[in-house]
Amino acid sequence: MALDLLAWLCALVPGLMGVAWGSDFRHHRYEDMVRALFAVQNECPFITRIYSIGRSVEGRHLYVLEFSDNPGIHEALEPEFKYVGNMHGNEVLGRELLIKLAQFLCEEYRAGNQRITQLIYDTRIHIMPSMNPDGYEVAARQGPELNGYLVGRGNAREIDLNRNFPDLNALMYYYEKTNGRNHHLPLPDNWEQQVEPETLSVIKWMQNYNFVLSANLHGGAVVANYPFDKSRDPRIRGRTTYAATADDKLFRKLARTYSYAHSWMHKGWNCGDYFDEGITNGASWYSLSKGMQDFNYLYTNCFEITLELSCDKFPPASALHREWLANREALISYLEQVHHGIKGIVYDENNNPVGKAEISVAGINHDVTSGVDGDYFRLLLSGTYTVTASAPGYLPSTTTVTVGPAEATVV
């Protein structure tokens, strides 16, 4: 309650936080993070909204800061984007980068930066600096110097949240062999009892917003990691094998977008590892089950990659400025990728929008669906595609569309 009152006061009293963001490179404990987010909303009240998607095991809010020209409203044909940080409590750079990104978006909007203004007007951006605030507090009590590799990684129950989502990969790999469905796979019975509160809140968040593109920010390596994370095959002589999605070329491009816009990720040699172009297929690196990025792709319309951003999981505060400069352009460039491909609204013959219509692209075995307003978004590389919209009780409609390198083509 005291924290909610503090947040309310910050929002109420202009200048209470003494906004001096330019030099604000420090680690933020939970209360500091909350103050920082509400300070951004206070500075940019007409383009931001703060909401909580739930609470952690220990009762801390999972706050999200939204940027939009109409906060709180989904506008037809405006794509939804999310960044999630600090899923592993001791991997803290993502948390600090996302707080800084929020401050940067607000500052640049107020300064009239055309690129940022356009992004905020054309996109609904959701920023969650910490998915695991409880784990962070455990790690932060140890501090950067003493932090062990696993201290604070899990939530308050020491559960790894990136091994806690329902395992839809096994079902997908079965469906591939039996010609089953290729998207929005069903969740297992009693799934809500099988996941942690933080995971449950994030899944419900995904159910409530039609996200198109996402990244989750980690640490311990420097590489852009794309799905699938879970290998299709058992290990062969101790090595895991590449597990491509139907959108493998697109995911590689998304990962490269971040890698090449980052100051050194694309160079390949980082933290004693080499990743060509600074990208890797998850399973090719190491196989993991029940991860968040695969779940996004198999359960929702959202394409997500995992960004490993620092060799040091808990870098000292003195390193944060350099890391921000290294990641700033990459965070913006990746966000802009949400505007590539095709988008449109599915109507019936009476011009009523049709929700949950399936949008399929010939040659790519992964469909997306329209939202409640009938609008859909399908990320695609440049090229010519045959696209079909179908829904129960309607005849399918097929069209050919050419996608260029610029803004999404409206179909």
Going through the checks in order, is the side-chain contact (heavy atoms from CB on, under 4.5 Å) test met by Arg26 and His28? CA-CA 6 Å; Arg26 60 191 175 87; His28 292 73; 3.8 Å; yes

Checking Glu407 against Lys343 for the salt bridge (Lys or Arg N to Asp or Glu O under 4.0 Å) test, could you report, in this order, the C-alpha distance in whole Å, the side-chain angles of both residues, the deciding distance, and whether it holds? CA-CA 10 Å; Glu407 289 288 292; Lys343 64 181 181 179; 5.7 Å; no

Can you list the steps and then say if Phe81 with Phe211 is a ring pair (Phe, Tyr, Trp, His ring centres under 6.0 Å)? CA-CA 6 Å; Phe81 177 96; Phe211 293 115; 8.8 Å; no

Please evaluate residues Glu66 and Thr48 with respect to the criterion side-chain contact (heavy atoms from CB on, under 4.5 Å), reporting the C-alpha separation (whole Å), side-chain torsions for both, the decisive distance (0.1 Å), and the verdict. CA-CA 5 Å; Glu66 173 191 338; Thr48 59; over 6 Å; no

Backbone N or O of Asp348 within a donor-acceptor pair of the Asn352 side chain at under 3.5 Å? no

So for atom CD, which belongs to Glu329, do other residues, nucleotides or ligands contribute more than 12 heavy atoms lying within a distance under 6.0 Å? yes

Would you check if there is a donor-acceptor pair between the side chains of Thr257 and Ser333 at a distance under 3.5 Å? no

Using a 6.0 Å cut-off, check whether atom OH of Tyr347 has over 12 heavy atoms from anything other than its own residue. no

Take Tyr136 and Tyr30 through the test ring pair (Phe, Tyr, Trp, His ring centres under 6.0 Å) and record every step on the way to the result. CA-CA 8 Å; Tyr136 177 87; Tyr30 178 69; 9.6 Å; no

Between Tyr299 and Phe165, does the ring centroid distance fall short of 6.0 Å? no

Test Arg29 against Glu31 for salt bridge (Lys or Arg N to Asp or Glu O under 4.0 Å), laying out the working first. CA-CA 6 Å; Arg29 297 290 284 262; Glu31 287 82 359; over 6 Å; no

Between CG on residue Leu98 and CE on residue Met33, distance to nearest 0.5 Å: 10.5 Å

Can you establish whether the number of heavy atoms outside Tyr173 located under 6.0 Å from its atom OH is more than 12? yes

Before giving the answer on side-chain contact (heavy atoms from CB on, under 4.5 Å), spell out for Val40 and Asn42 the whole-Å C-alpha distance, their side-chain angles and the decisive distance to 0.1 Å. CA-CA 5 Å; Val40 172; Asn42 189 45; over 6 Å; no

Determine whether a donor-acceptor pair (N or O, by modelled atom type, separation under 3.5 Å) exists between the side chain of Tyr121 and the backbone of Ile116. no

Evaluate salt bridge (Lys or Arg N to Asp or Glu O under 4.0 Å) for Arg124 paired with Glu78, printing each intermediate quantity in order. CA-CA 7 Å; Arg124 195 173 177 203; Glu78 185 173 275; 6.0 Å; no

Taking atom types as modelled and ignoring hydrogens, do the side chains of Asn155 and Asp134 form a donor-acceptor contact shorter than 3.5 angstrom? no

Assess the side chains of Ser287 and Ser231: does a donor N or O sit below 3.5 Å from an acceptor N or O? no

Taking only distance into account, with no hydrogens and no angle test, what donor-acceptor pairs under 3.5 Å do side-chain atoms of residues 371-386 form with protein atoms, sequence neighbours excluded?
residue: Asp375; atom: OD2; partner: His74; partner atom: NE2; Å: 2.7
residue: Asp375; atom: OD2; partner: Leu77; partner atom: N; Å: 3.0
residue: Tyr376; atom: OH; partner: Val411; partner atom: O; Å: 2.9
residue: Arg378; atom: NH1; partner: Asp247; partner atom: OD1; Å: 2.9
residue: Arg378; atom: NH2; partner: Asp247; partner atom: OD1; Å: 3.2
residue: Arg378; atom: NH2; partner: Asp247; partner atom: OD2; Å: 3.4
residue: Arg378; atom: NH2; partner: His366; partner atom: O; Å: 2.9
residue: Thr384; atom: OG1; partner: Thr402; partner atom: OG1; Å: 3.1
residue: Tyr385; atom: OH; partner: Leu381; partner atom: O; Å: 2.8

Is it true that Arg153 and Glu91 make a salt bridge, defined as a side-chain N closer than 4.0 Å to a carboxylate O? yes

Backbone N/O of Phe228 and side chain of Gln293: donor-acceptor pair under 3.5 Å: no

Nearest heavy-atom approach of Ala246 to Ile364 is O-CG2, 3.6 Å

Any side-chain heavy-atom pair of Leu298 and His183 under 4.5 Å: no

Quick check: are there more than 12 heavy atoms from other residues, nucleotides or ligands sitting under 6.0 Å from CZ of Arg163? yes

Enumerate the residue pairs fulfilling salt bridge (Lys or Arg N to Asp or Glu O under 4.0 Å) with a member in residues 219-229, sequence neighbours excluded, ordered by first and then second residue. none

Do you know which two heavy atoms are closest between Ile359 and Ala389, and how far apart they sit? CD1-CB, 3.9 Å

Can you tell me if Thr280 uses its side chain to pair, donor with acceptor, with the backbone of Gly282 under 3.5 Å? no

Before giving the answer on side-chain contact (heavy atoms from CB on, under 4.5 Å), spell out for Lys230 and Lys290 the whole-Å C-alpha distance, their side-chain angles and the decisive distance to 0.1 Å. CA-CA 8 Å; Lys230 183 173 180 176; Lys290 303 184 178 182; over 6 Å; no

For residues Phe303 and Phe251, establish whether the separation of their ring centroids is below 6.0 Å. yes

Both conditions, 6.0 Å and 45 degrees, for the charged tip of Lys100 above the ring of Phe25: are they met here? yes

Indicate yes or no for a side-chain donor-acceptor contact from Asn86 to the backbone of His88 under 3.5 Å, with no hydrogens or angles considered. yes

Thinking salt bridges, do Arg55 and Glu198 make one under a 4.0 Å N-O criterion? no

Could you tell me if the ring centre of Trp285 sits under 6.0 Å from that of Phe275? yes

Working note: Arg35 + Asp32, criterion salt bridge (Lys or Arg N to Asp or Glu O under 4.0 Å); need CA distance, chi angles, decisive distance, verdict. CA-CA 5 Å; Arg35 278 194 287 266; Asp32 300 326; 2.7 Å; yes

So, Ser310 side chain and Lys313 main chain: donor-acceptor pair closer than 3.5 Å or not? no

Listed by chain and number, what are the side chain to side chain donor-acceptor pair (under 3.5 Å) partners of His27, not counting sequence neighbours? none

Rounded to the nearest 0.5 Å, how far apart are CG of Leu250 and CZ of Arg252? 12.0 Å

Going by distance alone, is a donor N or O of one side chain under 3.5 Å from an acceptor N or O of the other, for Ser360 and Asp367? no

Can any side-chain N or O of Asn113 pair as donor or acceptor with the backbone N or O of Tyr109 at less than 3.5 Å? no

Step by step, would you call Trp264 with His266 a ring pair (Phe, Tyr, Trp, His ring centres under 6.0 Å)? CA-CA 6 Å; Trp264 56 80; His266 59 278; 9.4 Å; no

Answer whether the closest heavy-atom distance between the side chains of Leu97 and Leu309 falls below 4.5 Å. yes

Between Phe295 and Asp167, is there a side-chain heavy-atom distance shorter than 4.5 Å? no

Would you check, one step at a time, whether the test ring pair (Phe, Tyr, Trp, His ring centres under 6.0 Å) holds for Tyr209 with His126? CA-CA 10 Å; Tyr209 294 82; His126 304 258; 5.0 Å; yes

Other residues, nucleotides and ligands only: do more than 12 of their heavy atoms fall within 6.0 Å of CD on Gln193? yes

